[in-house]
Amino acid sequence: MAQTVQLYNTLSRKKEVFTPINPNHVGMYVCGPTVYGDAHLGHARPAITFDIVFRYLQHLGYKVRYVRNITDVGHLEHDADEGEDKIAKKARLEQLEPMEIAQFYTNRFHKAMEALNVLPPSIEPHATGHIMEQIELVKEIEKNGFAYESKGSVYFDVEKYNKAHRYGILSGRNLEDVINASRALDGVSEKHNQVDFALWKNAQPEHIMRWNSPWGAGFPGWHCECTAMGRKYLGDHFDIHGGGMDLVFPHHECEIAQSVASQGDQMVTYWMHNNMITINGQKMGKSLGNFITLDQFFTGNHKSLTEAYSPMTIRFFILQAHYRSTVDFSNEALQASHKGLDRLMEGMAQIERITPIANGDITMDYVDKLRQNCYEAMNDDFNSPIVISHLFDACRILNQAADKKTTITPDALEAIQQVFHLFAFDILGLRPETGGSTGREEAFGKVVDMLLTQRQKAKENKDWATSDLIRDELARLGFEVKDTKDGSTWKLNK
RNA sequence: GGUACCUUGACCGAGUGGCUAGGUAGCGGUCUGCAAAACCGUCAACGGCAGUUCGAAUCUGCCAGGUACCUCCA
């Protein structure tokens, strides 16, 4: 762990040196998806952001336990007073069991994550599997006097909490402001104060998802699951809690309040938040209905897209911006990412064609600097765009060497390959897009080679018509032919 | 209204008190039978106004425009 990592802590609004509570071990909790719809581009952002954190910290030698939940209950659709669970609502619409919906979209989420080369977390707990823990949490808060029961529901007493501690420490709000800005509730409220949030909700008879509790049949409140599951798997105190910026308030603010109200102090040292993906400058999200699902990107099946974009293009597109900046989506920007990624991968593939020279121009000095630059970028709050810019520099060197415009020493060439693999593949999680080539594909490849041999013969006979015909027909089928000094090469576009 | 934040060249997008980010597109060239690719070179920016400073796009103030959160949201 020779590297010192600095990360931006939302709590202090500063970059801080990362020091885990237990040396060599890192506990990280990230808010996962609510599984009632297909994952869209916005879901890819935190998944990829914290995948990078996970990968990098592991690379540095930390033993990381990464917990990312699946929310399959607990988010209310409307006002708290007559809340209807999102999962339950969707189920009613489609006449399916709630758990069937949750499972269906969980499976699809996993598939999309795998396509994006997002590593699975160490633990992926479901909210419905931890009702007991959530009930325990509510009981503790109640016992400490920061909650009250009302008509079978339990609410967090924000005003009382704010007298002993501070509500708004993460989002930088004052309680008065929150109260003034809160929506007035319709009719008679069960709550003492409109800013109070639900810890446990009484279930109406028609409510499908329900569990028994000391307060009667009901379901857990909005913010309990993360506190309860984070504590269960990472302990009373752990290092990193992540999620989208839109969760800072109220979700994460409430989590802090819950942990302080139950155990007396905060659970989390570093709060990390990824920024939003925008489309035409506006947040991409469900409420605005302007989201594009990951599946639509992969298939190109959306009116804003001129073509299908591979999962790696999406990943690269996201990594080309820093995680705390917004990224504005456009078809044009995606095209640029697609070509840029291609260039990077092609450059890497050039290594095969480079003959190192003992007294080459590019030596270990260059590679050492390159490696150091990449580490410095990662250490500076996971600055992936800077890492990528350094990789492009290496790419240029490799292309030059392949073109015999420069030379590389054997040890430097091998080291460049290692650095490239480490940062591009292991840490940024990019992967070449060849896909697993099957025996069948290899056989087709040989047919292409055969055609190119014929074309080479035609060229030697200066039979340009035949030569061009072969090239153009192959191009039409998606095979891009490149002529080099040592003969022709090809690749399949798509 | 409150809170947080943003405004960089044709586009995307880093960063920084003085040292060319990078990618895509464009332009000129090398290479090639032609092309593609690659390579080399090149163009171009820091919303506006004032201040601090030897020096600011980078710090401060004001103005303009925009976004997010305050309701489920990644």
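Note on naming: letters A, B, ... go to the chains in the order of the sequence lines (proteins, then strands), and numbering restarts at 1 for each one. When reading the values below, keep in mind they use all heavy atoms of this one structure, side chains included, and skip hydrogens, waters and symmetry mates.
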Can you tell which of [options] lies closest to the side chain of [X]?
X: H322(A); options: A14(B), C70(B), G22(B); result: A14(B)
X: R45(A); options: A74(B), A21(B), G23(B); result: A74(B)
X: A321(A); options: C69(B), A14(B), A74(B); result: A14(B)
X: S467(A); options: G33(B), G23(B), A21(B); result: G33(B)
X: K339(A); options: A74(B), G23(B), A25(B); result: A25(B)
X: M284(A); options: A74(B), C39(B), C34(B); result: A74(B)
X: K283(A); options: C12(B), A74(B), G23(B); result: A74(B)
X: W464(A); options: G33(B), A74(B), A14(B); result: G33(B)

[X] has an atom [atom1]; how far is it from atom [atom2] of [N], in whole Å?
X: N275(A); N: U7(B); atom1: CG; atom2: P; answer: 11 Å
X: H390(A); N: A21(B); atom1: NE2; atom2: C1'; answer: 8 Å
X: Q194(A); N: U71(B); atom1: CD; atom2: P; answer: 9 Å
X: H251(A); N: U71(B); atom1: NE2; atom2: C1'; answer: 15 Å
X: N331(A); N: U24(B); atom1: CG; atom2: P; answer: 17 Å
X: D246(A); N: A68(B); atom1: CG; atom2: P; answer: 11 Å
X: I318(A); N: C12(B); atom1: CD1; atom2: P; answer: 17 Å
X: H223(A); N: U71(B); atom1: NE2; atom2: P; answer: 10 Å

May I ask you to verify if any side-chain N or O of [X] is less than 4.0 angstrom from the OP1 or OP2 atom of [N]?
X: N174(A); N: U3(B); answer: no
X: N383(A); N: A14(B); answer: no
X: R324(A); N: A68(B); answer: no

Less than 3.5 Å apart, any donor N or O on the side chain of Q6(A) or N379(A) sitting next to an acceptor on the other? no
Under 4.0 angstrom, heavy atoms only, what part of the nucleic acid is [X] near: base, sugar-phosphate, or nothing?
X: D468(A); value: base
X: K286(A); value: nothing
X: V30(A); value: nothing
X: H273(A); value: nothing
X: S325(A); value: sugar-phosphate
X: M245(A); value: nothing
X: I388(A); value: nothing
X: G244(A); value: sugar-phosphate
X: L391(A); value: nothing

Tell me whether the rings of H338(A) and Y309(A) are parallel (<30°), tilted (30 to 60°) or perpendicular (>60°). perpendicular
Do E255(A) and W271(A) have side chains that get closer than 4.5 Å, going by heavy atoms? yes
Do D72(A) and T106(A) have side chains that approach each other closer than 4.5 Å (heavy atoms only, starting at C-beta)? no
Using modelled atom types only, decide if a donor and an acceptor are shared between the side chain of H110(A) and the backbone of Y105(A) within a distance under 3.5 Å. no
Need the pair for [N]. Rule: Watson-Crick or G-U wobble, both distances under 3.5 Å, any strand; none if unpaired.
N: G1(B); result: C70(B)
N: G33(B); result: none
N: G26(B); result: U42(B)
N: A64(B); result: U7(B)
N: G18(B); result: C54(B)

What is the distance from atom CD1 of I318(A) to atom OG1 of T49(A), rounded to the nearest 0.5 Å? 7.5 Å
Let me know, please, whether N274(A) or L288(A) comes out on the 5' side of the other along RNA chain B by nearest nucleotide. L288(A)
Taking for Q282(A) and for M276(A) the nucleotide of RNA chain B with the nearest heavy atom, the one nearer the 5' end belongs to Q282(A)
Is there, by distance only and without an angle test, a donor paired with an acceptor across the side chain of [X] and the base of [N] below 3.5 Å?
X: R173(A); N: C69(B); result: yes
X: R13(A); N: C5(B); result: no
X: R471(A); N: A35(B); result: yes

Ring-face cation of K14(A) near Y8(A) (centre distance under 6.0 Å, axis angle within 45°): no
R173(A) to F249(A), cation-pi by 6.0 Å centre distance and 45° axis angle: yes
